[in-house]
Amino acid sequence: MRDAPVDPTSTAAWGRLTELAEAYEPDLRSWFAQDAGRVERLTFGAGDLVVDLSKALLDADVLAALLDLADEVGLAERREAMFRGEHINVTEDRAVLHTALRLLPDATLVVDGQDVVADVHEVLERVYAFAEQVRSGAWTGVTGERIRTVVNIGIGGSDLGPVMAYEALAAYRQDGLECRFISNIDPTDAATTLSGLDPATTLFIVSSKTFGTLETLTNARLAKAWLLEGLTGQDEADAVRRHFVAVSTALDKVADFGIDPANAFGFWDWVGGRYSMDSAIGTSLVVAIGPDRFTELLAGFHAMDEHFRTTETAHNVPALMGLLNVWYTNFLGAQTHAVLPYAQLLHRFPAYLQQLTMESNGKGVRWDGTPVTADTGEVFWGEPGTNGQHAFYQLIHQGTRLIPADFIAFANPSYPLQDGDTDVHELFLANFLAQTRALAFGKTADEVRAEGTAEAVVPARVFEGNRPTTSIIAPELTPSVLGQLIALYEHLTFVQGVVWGIDSFDQWGVELGKQLAQQVGPAIAGDADALAEQDASTRALIAYYQEHRRR
Ligand code: F6P
């Protein structure tokens with residue numbers, strides 16, 4: 001798959017989209033008034049998700065041109081190559097097969113001579129057996145007590161997915177069994193996360209695809225020291241064996257760390273870190289919600305995979321959302337994209353999506369090494385509603401920048417509550433509906449005046465409208481629905497990457513900082529030669545540190 005990507009800007013569709021953008025005067029008020037079929041035509045189903053694109057800045061001409069663009073860049077061929085296991089991650093010469101993590105056990109997918117589905121289910125069964133032991137109390141610590149807290153140590157893809165899903169599926173957790181997460185090398189993270197825990201009832205899962213990540217290995221060593229200090233008198237090797245398990249593709253390094261290979265769960269280089277939460281990297285989540293619920297999560301992923309793989313582009317939700325993002329980014333000048341869950345339990349979902357989307361598509365060269373020909377990788381960000389309404393929505397409503405926003409809501413709350421006669425979830429949903437309506441249709445000067453507003457204040461109270469939103473709604477935040485949502489964003493990220501001709505599955509951009517941290521470390525620690533190699537600004541900052549550090 002090293003063939004040169006199609007330059008999207010050279011396609012007829014790109015030319016057409018450029019013309020359409022130049023003359024573009026979106027008017028959602030009249031589009032709705034004049035077109036009774038708009039909502040039905042632009043609302044799509046994918047699994048349990050209903051996705052309403054009617055409040056997007058999309059009309060028939062733009063949609064037709066975006067579908068042509070997908071054809072011209074060869075989206076369908078690239079998608080099939082991914083699902084087949086071709087090495088579409090060209091800079092690392094790897095297959096990209098997170099979709100194989102959720103194939104059913106009776107499926108077969110031979111990649112590079114190996115049936116990966118059999119491998120996936122062999123590990124999954126071991127993870128499930130381990131989780132059942134912890135959940136039932138059969139797995140005990142070295143003192144014979146059952147495990148009460150599972151601490152996942154990992155960073156990036158080895159942290160964000162498990163944390164996000166642990167929070168999202170709070171309603172499905174087993175009582176009396178808590179998960180905590182240590183990711184940052186800021187020692188405060190380990191210190192505060194371990195605070196109050198009893199080593200005798202704490203089990204660590206060291207999660208690292210490479211088992212070479214500085215943050216994770218440092219935190220794992222800190223955890224080991226904390227454990228052994230708290231279990232003085234116990235046999236050390238035994239304590240580590242009962243209190244540490246690992247998840248990695250580098251099982252040799254796991255053994256070097258002192259973790260029993262019997263307590264290690266593997267995965268494969270064809271699973272990218274940010275696409276790995278449904279591999280053994282999700283072990284903490286399996287412990288929390290149990291194998292049955294995790295299987296439902298995988299089924300949700302798979303349902304969206306099948307939708308993406310088999311549905312024609314005109315009704316293919318990840319394809320449409322990805323293409324729409326290209327329209328906003330490359331033709332309407334959007335630089336960011338908000339994700340606004342109306343579900344408090346999805347409070348880590350935007351952070352999870354930041355790695356998924358930005359580590360995937362924040363690239364300046366294409367998969368053949370040539371420069372990109374258009375802007376790539378918009379900034380994804382967000383917070384749950386309604387908190388965001390009282391913080392940054394002002395800018396989305398009345399600022400000078402175009403910020404497309406995805407609103408995510410559920411018909412049923414995870415925790416229903418009444419305030420007297422009022423169903424609080426209905427109040428919550430009223431806010432979701434009000435916001436998407438206000439953004440789309442705004443408020444004219446005449447409408448403001450009709451409320452008796454003083455003329456001098458009228459301009460400040462006008463809402464232009466035509467601020468695009470996508471509404472995603474589902475019955476309830478179940479494990480399956482969460483899997484569908486994640487896979488939706490995985491695939492729309494892929495679609496954008498294909499249009500731009502980039503390898504969405506490498507992440508070379510994080511390497512330089514890692515290398516330099518190794519060089520700067522000795523300089524901070526007082527090595528004069530290392531200090532001399534630093535630039536003037538870095539030397540000055542180190543001098544500040546040396547002066548202020550309490551010894
Ligand atoms: O540095 C970026 C990165 O490689 C991510 O892609 C990855 O998810 C994270 O670091 C953690 O890597 P690992 O799982 O190998 O510790």
Side-chain angles (χ1 to χ4, degrees), residues 88-98 101 123 127 151-166 181-186 189-190 204-224 244-257 259 264-285 348-363 377 380 486 489-490 493-494 497 502-521:
I88 65 165
N89 176 354
V90 290
T91 71
E92 295 179 302
D93 192 17
R94 288 175 181 169
V96 174
L97 274 178
H98 42 281
L101 296 169
V123 174
V127 169
V151 181
N152 184 76
I153 301 176
I155 195 165
S158 300
D159 167 72
L160 288 163
V163 181
M164 177 275 290
Y166 179 74
F181 299 85
I182 301 176
S183 56
N184 203 330
I185 199 168
D186 179 344
D189 199 10
F204 293 95
I205 303 176
V206 185
S207 299
S208 174
K209 179 174 171 180
T210 55
F211 227 76
T213 303
L214 177 72
E215 290 88 338
T216 300
L217 293 188
T218 305
N219 281 322
R221 281 192 297 271
L222 290 176
K224 194 164 155 187
F244 271 86
V245 302
V247 180
S248 186
T249 58
L251 296 177
D252 48 336
K253 294 187 188 162
V254 170
D256 292 346
F257 184 84
I259 296 176
F265 306 107
F267 63 114
W268 307 272
D269 69 2
W270 41 260
V271 185
R274 54 195 174 274
Y275 298 86
S276 67
M277 64 153 289
D278 48 338
S279 70
I281 288 291
T283 298
S284 54
L285 181 66
R348 294 296 288 162
F349 193 56
Y352 171 78
L353 290 185
Q354 287 188 326
Q355 187 197 13
L356 175 64
T357 58
M358 301 205 285
E359 200 166 78
S360 295
N361 285 343
K363 312 280 166 69
F380 277 76
I486 299 167
Y489 280 91
E490 286 178 348
T493 300
F494 170 78
I502 57 184
D503 179 346
S504 297
F505 302 100
D506 61 12
Q507 59 283 318
W508 298 107
V510 295
E511 293 305 320
L512 178 59
K514 288 185 192 173
Q515 277 170 18
L516 292 185
Q518 302 284 0
Q519 287 176 21
V520 176

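Counting starts at 1 for both ligands and their atoms, following the listed order. Along the sequence shown, the residues carry numbers beginning at 1.
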Check your understanding: Is the shortest distance from a heavy atom of Q355 to ligand 1 less than 4.0 Å?
Key -> yes
Exercise for review: Specify whether F244 and F204 have parallel, tilted or perpendicular ring planes, treating 30° as the upper limit for parallel and 60° as the lower limit for perpendicular.
Suggested key: parallel
Exercise for review: Measure across I259 and A246 and return the closest heavy-atom pair with its distance rounded to 0.1 Å.
Suggested key: CD1-CB, 3.8 Å
Review point. Between D269 and K209, which heavy-atom pair has the shortest distance, and what is it?
Key: O-NZ, 3.6 Å
Of all the atoms in ligand 1, which lie at a distance below 4.0 Å from a heavy atom belonging to [X]?
X: T213; value: 12 (O), 13 (P), 15 (O), 16 (O)
X: G157; value: 7 (C), 8 (O)
X: V510; value: 1 (O), 2 (C)

Review point. Where the closest heavy atom to atom 5 (C) of ligand 1 is concerned, which of K514, R274, E359 has it?
Key: E359
Check your understanding: How far is atom 11 (C) of ligand 1 from its nearest protein heavy atom, and which residue and atom name does that atom have?
Key -> I155 O, 3.2 Å
Point to revise | From Q507, Q355, H98, E490, residue fulfilling side chain to side chain donor-acceptor pair (under 3.5 Å) relative to R274 | key: Q507
Study note, to complete from the structure: Only one of T493, L101, I281 passes side chain to side chain contact (heavy atoms under 4.5 Å, CB included) with Y275, and that residue is T493
Check your understanding: Under a 4.0 Å heavy-atom limit, does T210 contact ligand 1 with its side chain, its backbone, both, or neither?
Key -> both
Check your understanding: Which bit of K209 gets closer than 4.0 Å to ligand 1, counting heavy atoms only: side chain, backbone, both or neither?
Key -> both
Exercise for review: Check for a donor-acceptor pair, side chain of D189 on one end and backbone N or O of I182 on the other, with a separation under 3.5 Å.
Suggested key: no
